[in-house]
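Notes follow the structure.
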Amino acid sequence: MERDVQVSEEAAASASAPSSSFAETRVICRVCQKQFAQYTCPRCNSRYCSLTCYKGHSVQCTELFMRENVTEELKQIQPEDESKRQMLDILKRFHLEEEMESDGEDESMFSEELIEKVISGDGIKLDDLSDDEIKRFRQALASGELSKMIEPWTPWWKNPAAKSISLSHDGSQLIREMSTDVTTLSDPTTASESIISEIPEGPESPLPSLKQLTRAEPSPLLTVHLVDILYSYCFTLRLYNGDWHSDPLGASTVALSMSKVTGDDAKPETVSESLTTCIEETCSPVYRHTGGFRFAIGLVEDIITILSLGGNALVCALCDFRRLIQAGESMLKEEKVGKTERARSSHKLRAADRKLFFITCWAHEQPADAWPSLARIVEVEKARLEELDSGSRLRKAGRKNKPQSKVLIEEV
């Protein structure tokens, strides 16, 4: 009997051993000294019970954690190998074409007489020109040579007044500038210059909230798409020297060809991808005469400037872009084009208008600190692009200066 009791006690002791061991592992939180610790800091092995206690257990550990998070976030915006390779291909093609053009610079595009005729504005017709002059004129027109004779436009976002744009809580314009200058009213030329140099107005009516437009959560990629849209807007205004009102349909066509988001419903996933696509189009034969890669870098700087101005300036830029598209759609109705072409172009313009309206409403609801952060990301991308271009130019210069090997055997 005594043996049976002894055996039972040993069994009970062995059964209670795990519970005793578990109890020993229950450590009190090192920070608050009140709750059991459930977590361990991976850096200093301190035991803590909650997020509050983790934040208070060591400033060094928490600061290091935040620093690593920021570093990891910056790594995410670094371009992938495919994006980098694509940009290098663009630069390689552009510099090669640039080199080919420089080899043929000895031959003048057009004669001095033709320049004088264009400047004088005497109503020149093609019939008045020789075959050689017509050829040179068309070459100069295609290459952008004639655009050098036009005084460059100063964008409204470079205007100091752009830093103090005021919009109401619902997005509508608080102050509308009224021109009372007599000379401006009497001189159409001055009035036109005033129109293209002034800061564009904000929404003409209050902007609805996103909840009124859609039940779904806005895509986190809208910031990336915004970069594409701003690039297209700045490109179009620069190309038309600020005066898109002179040809709304042509300007809207250019804008949609440059913006793959509004023109082709593309959905780029990174700022690098968005800018690479836009720059590739800028360096293409169609638009290369605008200045190629250096012009594209200037446009990226324009994006940074607009974002740095804040949400109100951004909303005004998007509203101006919408007016450009709407004016193009109105002019399309007066153009003599086929029904199929008219329907296709009209559908494309309406879709772009809706997309711009949605992203304007979205931008209006974003916090103020969102835009400096996005500007910084674009700035990092700009520095990367310039570094790639610098490396591409150095490699090209190396190939140019490399002495050619002598021909040892000459074929007779």
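It should be emphasised that the depicted structure is a prediction, and the values quoted were computed from it without experimental measurement.
- Between the side chain of R342 and the backbone N or O of K333 there is at least one donor-acceptor pair closer than 3.5 Å.
- The distance from the CD atom of Q326 to the CG atom of L356 is 9.0 Å, given to the nearest 0.5 Å.
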Report task. Just do the side chain to side chain contact (heavy atoms under 4.5 Å, CB included) check on V227 and I377 with the steps written out, would you? Result -> CA-CA 11 Å; V227 172; I377 293 174; over 6 Å; no
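- When the shell of 6.0 Å around CD of E217 is examined, it contains 12 or fewer heavy atoms from other residues, nucleotides or ligands.
- Closest non-hydrogen pair, A162 versus L309, comes out as CB-CD1, 3.8 Å.
- To the nearest 0.5 Å, atoms OG1 (T223) and CG (L374) are separated by 6.0 Å.
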Query raised in the report: Would L256 and I325 satisfy side chain to side chain contact (heavy atoms under 4.5 Å, CB included), going step by step from the backbone distance to the final call?
Result: CA-CA 9 Å; L256 296 190; I325 297 297; 4.0 Å; yes
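- Using a 4.5 Å heavy-atom threshold, the side chains of V300 and V378 count as touching.
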Report task. Tell me, with the steps shown, if V261 and V224 meet side chain to side chain contact (heavy atoms under 4.5 Å, CB included). Result -> CA-CA 10 Å; V261 170; V224 176; over 6 Å; no
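- Side chain of N241 to main chain of D243: no donor-acceptor pair is present (N/O by atom type, distance under 3.5 Å, no hydrogens or angles).
- With a 4.5 Å cut-off on side-chain heavy atoms, I306 and L314 count as touching.
- Considering only heavy atoms from C-beta on, F36 comes within 4.5 Å of I28 through its side chain.
- Scanning both residues, G250 and Y240, for their nearest heavy atoms gives C-OH, 3.1 Å.
- F358 meets the ring pair (Phe, Tyr, Trp, His ring centres under 6.0 Å) test with no other residue; sequence neighbours excluded.
- With rounding to the nearest 0.5 angstrom, the OG atom of S345 is 7.5 Å from the NZ atom of K348.
- Residues satisfying the ring pair (Phe, Tyr, Trp, His ring centres under 6.0 Å) test with Y287, not counting sequence neighbours, are F235.
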Requested in this report: Could you please spell out the steps behind the side chain to side chain contact (heavy atoms under 4.5 Å, CB included) verdict for L237 and F321?
Outcome: CA-CA 10 Å; L237 262 64; F321 200 174; over 6 Å; no
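- Judged by distance alone, the side chain of K382 and the main-chain N or O of E301 form no donor-acceptor pair under 3.5 Å.
- Contact annotation: the side chain of R238 approaches that of D302 to within less than 4.5 Å [non-hydrogen atoms, C-beta and beyond].
- Side chain of E281 to main chain of C278: no donor-acceptor pair is present (N/O by atom type, distance under 3.5 Å, no hydrogens or angles).
- Nearest heavy atoms, A375 versus S308: CB-OG, 3.9 Å.
- The two residues S272 and E381 come nearest to each other via the heavy atoms OG-OE2, 3.3 Å.
- For N312 (side chain) and I165 (main-chain N/O), a donor-acceptor pair under 3.5 Å exists by modelled atom type.
- Here the CG-CZ distance, from L349 to R344, works out to 9.5 Å after rounding to the nearest 0.5 Å.
- With hydrogens and angles disregarded, no donor-acceptor distance shorter than 3.5 Å links the side chain of R350 to the backbone of E329.
- Rounded to the nearest 0.5 Å, atoms NZ (K158) and CH2 (W153) are 10.5 Å apart.
- A side-chain contact (heavy atoms from CB on, under 4.5 Å) with L275 is found for one member of I297, I303, D228 and no other, namely I303.
- When atom types are taken as modelled, the side chain of H364 and the backbone of G311 share no donor-acceptor pair closer than 3.5 angstrom.
- No more than 12 heavy atoms of other residues, nucleotides or ligands sit less than 6.0 Å from atom CD of Q35.
- Under 4.0 Å is where a charged nitrogen must lie from a carboxylate oxygen, and between E387 and R384 no such pair does.
- Considering every non-hydrogen atom in both P208 and E365, the closest pair reads O-OE2, 4.3 Å.
- Ring geometry for W371 against W362 counts as perpendicular: the plane angle is over 60°, on a 0 to 90° scale with 30° as the lower cut.
- Between C319 and E201, every side-chain heavy-atom pair lies at or beyond the 4.5 Å cut-off.
- You'll find the side chain of S257 stays beyond 4.5 Å of the side chain of V286, heavy atoms only.
- Residues passing the side-chain hydrogen bond (donor to acceptor under 3.5 Å, both in side chains) test with S330, sequence neighbours excluded: none.
- At least one side-chain heavy atom of Y231 sits less than 4.5 Å from a side-chain heavy atom of I279.
- Side-chain contact between P268 and H225: present, with at least one pair of heavy atoms (C-beta onward) separated by less than 4.5 Å.
- Applying side-chain contact (heavy atoms from CB on, under 4.5 Å) to S232 and the options T236, L230, I229 leaves one that passes, T236.
- In this structure a side-chain-to-backbone donor-acceptor pair under 3.5 Å is present from S252 to P248.
- Nearest heavy-atom pair across Q33 and R30 is NE2-O, 2.9 Å.
- Atom CZ of residue R322 and atom OH of residue Y233 lie 13.5 Å apart, to the nearest 0.5 angstrom.
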